[in-house]
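As a basis for the values below, the full set of heavy atoms in this structure was taken, side chains included, without hydrogen atoms, waters or symmetry mates. The structure displayed is predicted, hence computed values, not measured ones.
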Amino acid sequence: MLERIHLEILTAIKTYGTLTKAADSLHLSQSALSHSIKKLEGQVGTNIWKKDGRNLRLTAAGERIQAFANRVLPQFVHTELLLSQIAKGEMGALRIGMECHPCYQWLLRVIQPYLQQWPNIDMDVKQEFQFGALGALLSYEIDVLITPDPLFKPKIEYIPVFNYEHRLVVATSHPLAQQDFVSPEQLSDEVLFSYPVEPLRLDIFSQFLNPAKCSVKKHKLIETTEIMLQMVAAGRGVCALPGWLVDEYAKSMPIKSLRLGKQGISKQIYIGIRKDEQHIDYLTDFIAQAKQTK
């Protein structure tokens, strides 16, 4: 009854609003689109769309089908891509979404031996996700999600990769550098650098400053880790980063990391995959390689 072409037609109508533009986008005639939907309407016994001036508007039934299309059509595309790769003798593709800005250096150490082990696997890393890559994983835009802040969903499996401590970073000449840990109140006169992420999703705010009802003098956004740490080393402000990353840069830069509070902030990096792909060998090997890489 309900076929893929129906899903594609309603998605095109939702996107373009008119029969003409929808037909052009699907490379079909307007009559073919109309006939297909009329046949479906006869089968389900209700209207799928209505005319609204020159445009078409989906009915409640049409909206329900189109919402279903949003979930199903990406899976068609994903499966067809995999089948095409198999037909060409390729093993598959691994598209990685990053919600962890400072994890890129770690990921490079994971990728190098992995690509040697799987020479027929294509790989792409998408770093445009500040937060919100879970939707891309659910819609099959990416195959793997790397995140320190998993949002647990029934269809997603999160595998913990490694633990780390989130720490404050200061210049070695900074007065706070003499301490082992810092209190929230001590940051009230500091300029805080961070990645361009909303404050509520930053651990230094959500787990350290906000619970103590404290803030910083100024919050500035910087996109790259290297520039952020150069600013800190120059005494322009402070930032908060994973301790393992700071230790690497501290070998060549005058910076030091401090514990955020007496207890510190413990975190984990997770790899998220779709549950129906848990047994794909090149995915499981990527996770195994990630667990071995510190």
Non-hydrogen atoms of Phe181 and Gln186 that approach each other most closely: O-OE1, 4.3 Å

If you compare all heavy atoms of Pro148 against all heavy atoms of Ile269, which two are closest, and at what distance to 0.1 Å? CB-CD1, 4.0 Å

Does any part of the side chain of Ile9, heavy atoms only, come nearer than 4.5 Å to the side chain of Ser36, both counted from C-beta? yes

Spatial distance of atom CG (Leu145) from atom OH (Tyr270) [nearest 0.5 Å]: 12.5 Å

For the atom pair NE2 (His174) and CD (Gln179), what is the distance rounded to the nearest 0.5 Å? 9.5 Å

At their closest point, which heavy atom of Val238 faces which heavy atom of Val170, and how far apart are they? CG1-CG1, 3.6 Å

Arg236 to Phe193, cation-pi by 6.0 Å centre distance and 45° axis angle: no

What salt bridge (charged side-chain N to carboxylate O under 4.0 Å, His left out) pairs are there with at least one residue in residues 166-192, not counting sequence neighbours? Glu165-Arg167

How far does CG of Leu28 sit from OG of Ser34, to the nearest 0.5 angstrom? 11.0 Å

Filter on salt bridge (charged side-chain N to carboxylate O under 4.0 Å, His left out), then keep only pairs touching residues 206-224, sequence neighbours left out; what's left? none

Under-4.0 Å salt bridge between Asp276 and Lys155: no

Summary of salt bridge (charged side-chain N to carboxylate O under 4.0 Å, His left out) pairs that have at least one residue in residues 10-37, sequence neighbours excluded: Lys14-Glu63

I'd like to know if Arg95 and Asp124 make a salt bridge, using a cut-off of under 4.0 Å between side-chain N and carboxylate O. no

Taking NZ, NE, NH1 and NH2 as the nitrogens, is one of them in Glu41 or Lys38 under 4.0 Å from a carboxylate oxygen of the other? no

In terms of heavy-atom contacts, Ser139 and Pro74 come closest through O-CB, 2.9 Å

